[in-house]
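So the structure is just underneath, and the comments pick up after that.
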Amino acid sequence: MTMSHRHLNPRSGLVIDTHELGRRVGAMKEIQRVAEAPDGVGTDVIGVPPGSPVDLEIRLESVVEGVLVTGAAEVTLTGQCGRCLEPISFDEEIDLQELYLYPDKEPDDDEASRLEDDLLDLEPLLRDMVVLDLPYTPLCRPDCAGLCPDCGANLNADPDHAHDDRIDPRWAGLSGWAAKPDDEDEASMAGSKE
């Protein structure tokens with residue numbers, strides 16, 4: 001089974017040219033650039049908006065097997081709070097580290113990241129690392145009170161929001177019945193003792 005690779009666009013900010021490194025072990029290059037975020041980085045609830053800036057600060061190092069990429073990417077995550085459903089947005093720094101193998105190295109490893117000619121593609125790495133770093137339940141703040149389960153009011157905006165005690169509709173018919181019989185039972189019991 002061979003992995004299908006998409007054709008890399010050298011003009012993309014997430015595609016890096018490693019030609020300067022050659023195959024000299026120990027050769028190093030540092031890169032700082034701003035790239036555009038691709039589509040689909042995140043989940044349905046929170047993610048990186050397509051086209052938003054991705055600030056890259058990475059180091060390329062030539063090793064025997066290929067090119068080792070280390071560094072960080074700063075992205076803006078947007079979505080909605082998992083409790084109150086309000087829009088949220090915050091910056092996140094994502095650590096990056098990946099070995100891109102030369103095309104002729106370890107041919108049996110289909111899952112390995114590979115150089116294509118002298119180009120390497122950071123998009124799959126960025127996508128994977130952002131998704132791994134996403135909060136399971138994104139919150140607008142750690143103590144978000146969420147929504148009222150009865151009417152949907154935002155409890156952050158109205159912390160004193162309350163409703164009268166609700167009676168389970170299955171027991172509503174018994175609510176008036178329980179008060180009267182107790183009074184009558186006590187009266188009849190008092191009468192029977194006399």
Side-chain angles (χ1 to χ4, degrees), residues 1 3-6 8-9 12-16 30-61 66-101 109-114 120-172 175:
M1 180 175 121
M3 267 179 65
S4 61
H5 294 284
R6 63 187 179 90
L8 299 183
N9 177 0
S12 165
L14 294 172
V15 174
I16 309 293
E30 293 188 352
I31 297 174
Q32 291 183 346
R33 70 167 65 161
V34 178
E36 281 189 13
D39 290 342
V41 179
T43 64
D44 292 340
V45 179
I46 189 166
V48 180
S52 66
V54 177
D55 293 323
L56 295 169
E57 195 167 316
I58 58 172
R59 183 176 68 204
L60 309 176
E61 186 176 354
V67 176
L68 177 65
V69 175
T70 54
E74 188 172 318
V75 296
T76 299
L77 296 174
T78 61
Q80 67 182 111
C81 178
R83 289 186 189 156
C84 69
L85 306 179
E86 288 295 314
I88 57 175
S89 180
F90 57 93
D91 292 337
E92 189 78 17
E93 186 170 296
I94 309 296
D95 291 328
L96 303 175
Q97 183 169 1
E98 184 79 8
L99 175 62
Y100 289 81
L101 298 175
D109 189 355
D110 288 337
E111 299 298 316
S113 297
R114 298 195 174 277
L120 63 85
D121 186 8
L122 293 175
E123 183 179 329
L125 174 62
L126 178 70
R127 190 180 304 279
D128 291 348
M129 299 313 291
V130 166
V131 170
L132 288 174
D133 208 45
L134 290 176
Y136 182 71
T137 303
L139 300 176
C140 58
R141 62 185 202 214
D143 63 341
C144 176
L147 301 176
C148 173
D150 294 328
C151 67
N154 187 336
L155 299 176
N156 296 314
D158 185 8
D160 297 327
H161 177 82
H163 295 274
D164 293 335
D165 289 338
R166 285 184 34 194
I167 297 174
D168 187 324
R170 296 172 291 180
W171 302 105
S175 64

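Residues that satisfy the side chain to side chain contact (heavy atoms under 4.5 Å, CB included) test with E57, not counting sequence neighbours, are Q32. With sequence neighbours excluded, the residues that form a side chain to side chain contact (heavy atoms under 4.5 Å, CB included) with D150 are C148, H163, R166. For P49, the side chain to side chain contact (heavy atoms under 4.5 Å, CB included) partners are S52, T78, not counting sequence neighbours. For T76, the side-chain hydrogen bond (donor to acceptor under 3.5 Å, both in side chains) criterion is met by D91, not counting sequence neighbours. Under the side-chain hydrogen bond (donor to acceptor under 3.5 Å, both in side chains) criterion, E98 pairs with S113, sequence neighbours left out. The salt bridge (Lys or Arg N to Asp or Glu O under 4.0 Å) check on D143 picks up R141, with sequence neighbours excluded. Judged as a side chain to side chain contact (heavy atoms under 4.5 Å, CB included), and not counting sequence neighbours, the contacts of L139 are C81, R83, T137.
Side-chain atoms of R127 come within 3.5 Å of backbone N or O of D39 as a donor-acceptor pair.
Contact of the N156 side chain with the C144 side chain is registered, since non-hydrogen atoms from C-beta on lie closer than 4.5 Å. For the pair Y100/L60, no side-chain contact is recorded, criterion being any heavy-atom separation below 4.5 Å from C-beta on.
Here CG of D128 is found 12.5 Å from CG of D133. Values are rounded to the nearest 0.5 Å. Interatomic distance, CG of N154 versus CG of L147, reported as 6.0 Å (0.5 Å rounding). Atom CD in E93 sits 6.5 Å away from atom CG in D95 (nearest 0.5 Å). The distance from atom CG of L120 to atom CZ of R114, rounded to the nearest 0.5 Å, is 13.5 Å. In this structure, Q80 CD and L85 CG are separated by 5.0 Å, a value rounded to the nearest 0.5 Å. Rounding to the nearest 0.5 Å gives a distance of 12.5 Å between CZ of R59 and CG of L96.
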Could you go through L122 and I58, starting from their C-alpha distance and side-chain angles, then the distance that decides it, and tell me whether this counts as side-chain contact (heavy atoms from CB on, under 4.5 Å)? CA-CA 10 Å; L122 293 175; I58 58 172; 3.8 Å; yes

Take V75 and I94 through the side-chain contact (heavy atoms from CB on, under 4.5 Å) test and state the conclusion after the steps. CA-CA 8 Å; V75 296; I94 309 296; 4.2 Å; yes

Audit row: V45, L134, side-chain contact (heavy atoms from CB on, under 4.5 Å) steps and yes/no: CA-CA 10 Å; V45 179; L134 290 176; over 6 Å; no

Test side-chain contact (heavy atoms from CB on, under 4.5 Å) on V130 and L77; report intermediate values, then the result. CA-CA 9 Å; V130 166; L77 296 174; 4.2 Å; yes

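Each of V48, L14, V131 was checked for a side-chain contact (heavy atoms from CB on, under 4.5 Å) with L126, and the lone residue meeting it is L14.
Closest of all the heavy-atom pairs between G51 and E36 is O-CG, 3.9 Å.
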